[in-house]
Amino acid sequence: MSEPLARVLAVSVTDDEGHPLAGRAVEIDGVVATSTARDGVARVSLSPAGSPRARVVVSCPAGSREVAPRHVPRLMKGSTARLELSFRCRPSLRELVVVVRAPGGEGLWLRADGEPVGRVAADGTLHAKVARAPDSELRLLLDTGDLPLFPPNPVRELRVADRDELVIFDQALTSAKPRVVDPRRTPSPVRVEAPPRP
């Protein structure tokens with residue numbers, strides 16, 4: 001009967017695009033055991049001592065979300081004991097490039113959740129960048145203020161995906177001129193005559 005073997009653990013760490021990350025610390029049960037090499041891989045032999053399952057955590061670069069820890073059995077019966085784990089470090093914020101096409105909206109402010117991020121140029125366009133956490137809500141508003149434009153303060157609402165995106169905000173604006181009534185075309189009041197007496 002074969003004896004349990006200590007597992008040889010290979011841990012790979014990549015960025016959001018799958019590129020290897022070197023120099024990332026690998027912790028086993030809260031203790032830094034090694035760090036990733038240039039190929040983004042770290043190799044460590046799990047000690048048979050301790051709890052039956054080892055807790056594996058990697059450190060991600062600044063600006064990344066923490067990755068969830070993984071748990072693996074320390075021992076394995078059989079001739080092979082190799083195990084591979086992959087971790088991906090994703091950014092904590094996603095970048096949205098907002099392109100506004102608003103003919104007639106020269107000089108209007110674009111607001112993201114109430115904060116100004118840029119003004120519409122003379123050609124009716126605007127390019128701006130907004131950073132938000134994945135799965136958050138974003139409210140874009142073209143601030144028409146007190147200007148007689150229609151529609152007033154158009155809004156685009158969206159939920160941020162877990163990737164960088166291009167957002168198109170198409171909104172034509174027209175001048176909302178006050179309606180002038182021509183007195184010569186004012187309809188005469190309707191006269192209601194009493195029915196003739198019998």
Side-chain angles (χ1 to χ4, degrees), residues 1-100 110-118 126-141 155-169:
M1 185 173 182
S2 60
E3 293 293 327
L5 301 175
R7 304 197 87 165
V8 176
L9 178 64
V11 179
S12 65
V13 184
T14 60
D15 65 10
D16 191 47
E17 297 179 353
H19 301 138
L21 292 175
R24 307 321 307 170
V26 178
E27 295 183 5
I28 306 296
D29 292 331
V31 178
V32 176
T34 184
S35 59
T36 56
R38 292 180 60 182
D39 61 357
V41 178
R43 292 171 176 82
V44 61
S45 179
L46 296 177
S47 169
S51 60
R53 296 177 66 82
R55 183 176 185 268
V56 183
V57 177
V58 300
S59 67
C60 284
S64 301
R65 283 172 272 167
E66 291 186 6
V67 293
R70 308 274 287 279
H71 295 81
V72 295
R74 286 181 177 276
L75 303 176
M76 180 178 180
K77 293 182 179 181
S79 58
T80 178
R82 183 176 177 81
L83 178 69
E84 296 182 357
L85 291 180
S86 297
F87 293 86
R88 179 163 289 192
C89 295
R90 298 184 183 275
S92 54
L93 296 177
R94 289 300 186 177
E95 186 175 271
L96 292 91
V97 176
V98 182
V99 177
V100 177
L110 173 68
R111 299 185 182 275
D113 297 325
E115 296 296 323
V117 294
L126 165 68
H127 294 77
K129 290 183 179 180
V130 178
R132 289 292 186 276
D135 204 36
S136 62
E137 293 183 352
L138 174 63
R139 186 174 190 266
L140 300 172
L141 177 142
V155 170
R156 170 89 183 272
E157 295 181 332
L158 55 100
R159 182 168 291 278
V160 179
D162 196 4
R163 62 180 180 274
D164 296 336
E165 284 189 303
L166 173 67
V167 178
I168 306 295
F169 192 161

Using modelled atom types only, decide if a donor and an acceptor are shared between the side chain of [X] and the backbone of [Y] within a distance under 3.5 Å.
| X | Y | result |
| --- | --- | --- |
| Arg90 | Arg65 | no |
| Arg24 | Ser59 | yes |
| Thr36 | Gly23 | yes |
| Arg132 | Arg94 | no |
| Arg156 | Leu140 | no |
| Arg43 | Thr34 | no |
| Ser92 | Gly63 | yes |

Compare every heavy atom of [Y] with every heavy atom of [X], then report the nearest pair and how far apart it is.
| X | Y | value |
| --- | --- | --- |
| Ser35 | Ala42 | O-CB, 3.6 Å |
| Cys89 | Val67 | CA-CG1, 4.5 Å |
| Leu46 | Pro73 | CD1-O, 4.0 Å |
| Ile28 | Ala54 | CG2-CB, 4.1 Å |
| Phe169 | Val155 | CZ-C, 4.0 Å |
| Val32 | Ala25 | CG1-CB, 4.1 Å |

Original post:
Can you tell me how far the NE2 atom of His71 sits from the CZ atom of Arg55, to the nearest 0.5 Å?
Top reply: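 That separation rounds to 5.5 Å.
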
Original post:
How many angstroms lie between CG in Leu21 and CZ in Phe87, if you round to the nearest 0.5 Å?
Top reply: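 Leu21 CG to Phe87 CZ: 13.0 Å, rounded to 0.5 Å.
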
Original post:
Salt-bridged, Asp16 to Arg88, with N to O below 4.0 Å?
Top reply: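 The answer is no: the pair does not qualify as a salt bridge.
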
**OP:** State which residue, out of Val72, Asp29, Leu83, fulfils the side chain to side chain contact (heavy atoms under 4.5 Å, CB included) condition with Val56.
**Re:**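 Per the side chain to side chain contact (heavy atoms under 4.5 Å, CB included) rule, the option paired with Val56 is Val72, out of Val72, Asp29, Leu83.
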
Original post:
Just wondering, are more than 12 heavy atoms of other shown residues or ligands nearer than 6.0 Å to CZ in Arg38?
Top reply: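 Count not over threshold, so no.
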
Original post:
If you draw a 6.0 Å radius around CD in Glu66, do more than 12 non-hydrogen atoms from other residues or ligands fall strictly inside?
Top reply: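 At most 12 heavy atoms, drawn from other residues, nucleotides or ligands, come within 6.0 Å of this atom.
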
Original post:
Passes side-chain contact (heavy atoms from CB on, under 4.5 Å), Leu158 versus Leu96? Steps please.
Top reply: CA-CA 11 Å; Leu158 55 100; Leu96 292 91; 3.9 Å; yes

Subject >> Contact check, side chains of Leu9 and Arg70, non-hydrogen atoms, under 4.5 Å >> reply: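 No - every pair of side-chain heavy atoms lies 4.5 Å or more apart.
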
